[in-house]
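Sequence lines set the chain letters: A, B, ... in the order given, protein chains first and strands last, and positions in each chain run from 1.
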Amino acid sequence: MKILLVAECREGRLQANINDLLGFAAKADAESALFLVGTQEELPKFAGTLYLADSSTYGEYNPEIHKQLLLDTIDTVKPDMVIFSHSSYGWDLAPRIAFALKAAQISEVVDFVDGKPIAPVCNAKLRRTVAPKTAVTILTLQAGAFSLAEEPTTTPTVEAISTTATGKIEFSGYQQADIGGVDLSKAQVIVSAGRGIGKPENIAIIEGLAKALKGEYGASRPVVDSEWAEHNRQVGTTGQTVSPKLYVACGISGAIQHLAGMKKSEFIVAINTDKDAPIGEVADVLLIADLKQFVPILTDKILAM
Amino acid sequence: MNILVCIKQVPDMESKFKVNAEGCWYDSSDLAWRMNEYDEYAVEQAVQLKEQTGADLTVLCIGPDRVKETMKKALAMGCDRGIHVTDAESFDKDPFAIASIIAKFAEQKSFDMIFTGMQSQDRGSAQVGVLTAEMLGIPSITTIVSFAFDAGQITVQRELEGGVKAMVKAPLPALVTCQLGLNTPRYPTLPNIMKAKKKELVVTPVADLLGVAVLQETLSLYFPEKKGGGVVLEGDSAELADQLIAILKEKTAVLA
């Protein structure tokens with residue numbers, strides 16, 4: 001089996017999710033080639049051929065141009081599978097390739113067993129094993145689902161690629177996140193609020209426990225989207241990635257994007273009314289309780305110690 | 001201007017799911033159904049664009065009879081008419097088949113702007129929007145968290161990882177897929193709910209629009225194995241708090 005891995009570069013920086021791609025290649029035990037719109041200055045370590053388009057020519061992500069570069073590479077490599085990360089780059093580009101090749105795409109793959117991809121359903125409450133019916137298959141991989149035992153040290157053989165394709169979509173710059181005064185990545189303890197807090201006033205309950213534990217409070221995406229907490233408190237793929245000594249998830253069901261941002265915490269406590277919530281998958285302790293009643297009692301007991 | 005918004009009806013994610021008799025999808029009985037969360041943002045943005053431009057706004061939904069309830073919400077939010085593509089087997093169709101149904105419908109109507117959610121909450125493939133645009137040969141931009149239309153052009157922000165956003169422009173016709181937080185979806189008011197009942201809801205059998213076979217099938221659906229080692233505690237709050245404090249003292253250094 002031959003696979004083509006699609007790595008990503010942003011503002012000249014190779015993105016870390018290349019490790020997921022290499023982890024998948026190792027698990028699938030496949031002969032692999034690598035595709036990247038990036039730069040000679042920051043080449044990935046890879047034992048094989050790297051098809052490299054120069055990002056100073058092809059710019060930051062432009063779907064129409066990157067699509068053509070990748071299709072040309074697929075034409076050369078003739079892979080059985082094309083592998084992306086399930087990232088803002090991968091989930092945007094992959095369906096364009098899938099359509100061009102009339103190939104089955106399976107998204108957010110979490111495992112690969114007996115040559116069959118496995119994907120989550122219903123916020124990871126369920127899983128499904130999928131059978132593609134096309135000659136070429138496209139996969140996007142869930143962040144962190146495939147890890148690399150040993151990072152390669154080899155410098156790849158570089159094949160420069162180019163295209164004259166243009167597109168209608170115009171990229172005009174980045175807006176960086178405003179981290180403000182809070183750096184959750186340095187906190188030893190984080191107590192996070194999820195949708196289960198019910199109303200904005202209940203942030204105070206979460207903040208109270210965070211203070212009692214001498215930590216910071218964080219929030220899940222829905223809480224930030226509802227403007228109950230500032231964006232600089234958001235934990236997850238689109239917020240901050242954290243690994244404190246203790247992470248307390250209050251009323252957080254555990255969407256994959258949230259789990260990706262906190263599952264490396266040393267000890268995880270989840271407080272939730274739903275026993276089956278996916279947060280239970282990563283929690284060391286799952287407390288089945290109504291946080292609005294339970295958290296103030298816990299806070300008082302800690303303060304009284 | 002002519003706008004299309006595509007929505008999906010999904011189960012409430014807090015539901016107790018069961019695997020169906022065929023073992024390849026979840027059992028659809030005893031579930032509470034609602035509009036896919038991402039699609040609420042798509043409907044809201046489409047309605048805002050209609051309000052800005054005086055455009056005509058169609059909402060499309062594929063599924064069995066029960067999806068009409070979800071379509072009524074979209075109509076009450078401000079869509080002008082509904083297209084219900086009746087399909088009792090829609091759960092079994094892959095993103096390619098679903099997109100081909102939408103594209104087949106849309107190609108006859110020459111929409112200037114198409115809105116979809118960035119993904120569904122149940123299947124979560126994040127493919128249908130982009131595939132539809134590719135089939136129609138129009139530009140598509142995914143995961144948008146801001147949207148503006150002016151002088152025949154859209155200016156949007158794409159959400160990337162780590163809180164970074166990319167600013168992107170495209171000419172119409174175009175398709176965007178909407179991310180959570182794009183706007184604040186409105187609650188339908190009672191007068192608008194009453195008005196929605198009189199709006200046109202066109203029923204189209206899926207056979208009239210479907211011309212492709214699926215490219216993939218689900219072999220089996222199942223519950224993931226629980227991670228070992230996690231302790232589940234239930235009971236009286238005060239006792240739970242004492243138990244948790246004891247565990248934290250033993251396993252972590254944070255209460256030292």
Is there a side-chain contact between Q153(B) and P171(B), using heavy atoms and a 4.5 Å cut-off?
-> no

Looking only at V285(A), I297(A), I302(A), most heavy-atom pairs under 4.5 Å shared with chain B are made by V285(A)

Do T70(B) and Q9(B) get their side chains close enough for a donor-acceptor pair, meaning under 3.5 Å?
-> yes

Heavy-atom distances under 4.5 Å only: say whether V189(A) touches chain B with side chain, backbone, both or neither.
-> side chain

Between I245(B), I247(B), I141(B), which has the largest tally of heavy atom pairs under 4.5 Å with chain A?
-> I245(B)

Okay, Q243(B) and chain A: the region with an atom under 4.5 Å from a heavy atom over there is neither

With chain A, which of M167(B), Q119(B), Q121(B) has the greatest number of heavy-atom pairs at distances under 4.5 Å?
-> M167(B)

Winner by heavy-atom pair count (cut-off under 4.5 Å) against chain B, out of A119(A), A131(A), A103(A), P244(A) | A131(A)

Do the side-chain N and O atoms of Y222(B) and T129(A) include a donor-acceptor pair separated by under 3.5 angstrom?
-> yes

For each of R158(B), E14(B), K251(B), tally heavy-atom pairs with chain A at distances under 4.5 Å, and name the one with the top tally.
-> R158(B)

Is chain B contacted by the side chain of I106(A), its backbone, both, or neither, given a heavy-atom distance below 4.5 Å?
-> both

Side chain, backbone, both or neither: which part of D92(A) has a non-hydrogen atom closer than 4.5 Å to chain B?
-> both

No-hydrogen, no-angle side-chain donor-acceptor test under 3.5 Å, Y41(B) and Q179(B) = no

Student check: side-chain heavy atoms of D12(B) and W33(B) closer than 4.5 Å | no

Counting heavy-atom pairs under 4.5 Å with chain A, the top scorer among V254(B), V232(B), L160(B), V10(B) is L160(B)

Please look at K249(B) and chain A and tell me whether the side chain, the backbone, both or neither of the residue comes under 4.5 angstrom of a heavy atom of that chain.
-> side chain

Using non-hydrogen atoms only, which part of L248(B) is less than 4.5 Å away from chain A: side chain, backbone, both, or neither?
-> side chain

Chain A heavy atoms under 4.5 Å from V145(B): which part of the residue, side chain, backbone, both or neither?
-> side chain

Is it the backbone or the side chain of Q257(A) that comes under 4.5 Å from a heavy atom of chain B, or both, or neither?
-> side chain

Please test L49(B) against I3(B) for side-chain contact (heavy atoms from CB on, under 4.5 Å), starting from the C-alpha separation and ending with a verdict.
-> CA-CA 9 Å; L49(B) 183 60; I3(B) 313 172; 3.8 Å; yes

Between S87(A) and E161(B), does any side-chain donor sit less than 3.5 Å from a side-chain acceptor?
-> no

Region of T252(B) in contact with chain A, defined by heavy-atom distances below 4.5 Å = side chain

Of A98(A), C122(A), S107(A), the largest count of non-hydrogen pairs under 4.5 angstrom with chain B goes to C122(A)

Y174(A) versus E60(A), side-chain donor and acceptor atoms under 3.5 Å = yes

M118(B) portion near chain A, given a 4.5 angstrom heavy-atom threshold = side chain

For V269(A), is it the side chain, the backbone, both, or neither that has a heavy atom closer than 4.5 Å to a heavy atom of chain B?
-> side chain

Neighbour count >12 (heavy atoms, 6.0 Å) for atom CZ, R66(B) = yes

Engaged part of E159(B) at the chain A interface, taking heavy atoms whose separation is under 4.5 Å | both

So CG of N232(A) and CG of L184(A): to nearest 0.5 Å the spacing works out to 7.5 Å

Evaluate the side-chain contact (heavy atoms from CB on, under 4.5 Å) criterion for residues R186(B) and Q48(B): first the C-alpha distance (whole Å), next the side-chain angles of each, then the deciding distance (0.1 Å), finally the verdict.
-> CA-CA 10 Å; R186(B) 68 193 68 190; Q48(B) 286 185 17; 3.9 Å; yes

Would you kindly say whether N17(A) and E8(A) are connected by a side-chain donor-acceptor distance under 3.5 Å?
-> yes

Tell me, side chain or backbone of P120(A) under 4.5 Å from chain B's heavy atoms, or both, or neither?
-> backbone

Under a 4.5 Å heavy-atom cutoff, which of L255(B), D242(B), L180(B), L131(B) has the most pairs with chain A?
-> L180(B)

Quick one: of H86(A), K102(A), E64(A), E108(A), who has the most non-hydrogen atom pairs under 4.5 Å with chain B?
-> K102(A)

Salt-bridge criterion met for R233(A) and E216(A) (N-O under 4.0 Å) | yes

For each of F267(A), Y89(A), Y61(A), tally heavy-atom pairs with chain B at distances under 4.5 Å, and name the one with the top tally.
-> F267(A)

Identify which of G173(A), A124(A), A212(A) forms the greatest number of heavy-atom pairs closer than 4.5 Å to chain B.
-> G173(A)

Heavy-atom distances under 4.5 Å only: say whether F96(B) touches chain A with side chain, backbone, both or neither.
-> side chain

Do you know which of P95(B), S15(B), A170(B), S125(B) has the most heavy-atom pairs with chain A at a distance under 4.5 angstrom?
-> S125(B)

Given that the side chain runs from C-beta out, which part of L244(B) has a heavy atom under 4.5 Å from chain A: side chain, backbone, both or neither?
-> side chain

Heavy-atom distance under 4.5 Å to chain A: side chain of F17(B), backbone, both or neither?
-> side chain

Looking at D114(A) and K116(A), does any basic side-chain N land under 4.0 Å from a carboxylate oxygen?
-> no

Distance-only polar pair, side chains of N183(B) and E44(B), donor-acceptor under 3.5 Å = no

Which bit of S140(B) comes within less than 4.5 Å of chain A, counting heavy atoms only: side chain, backbone, both or neither?
-> both

Does NZ or CZ of R128(A) come closer than 6.0 Å to the centre of the six-membered ring of W25(B), within 45° of the ring's axis?
-> no

Separation between OG1 (T143(B)) and OH (Y38(B)), nearest 0.5 Å, reads 10.0 Å

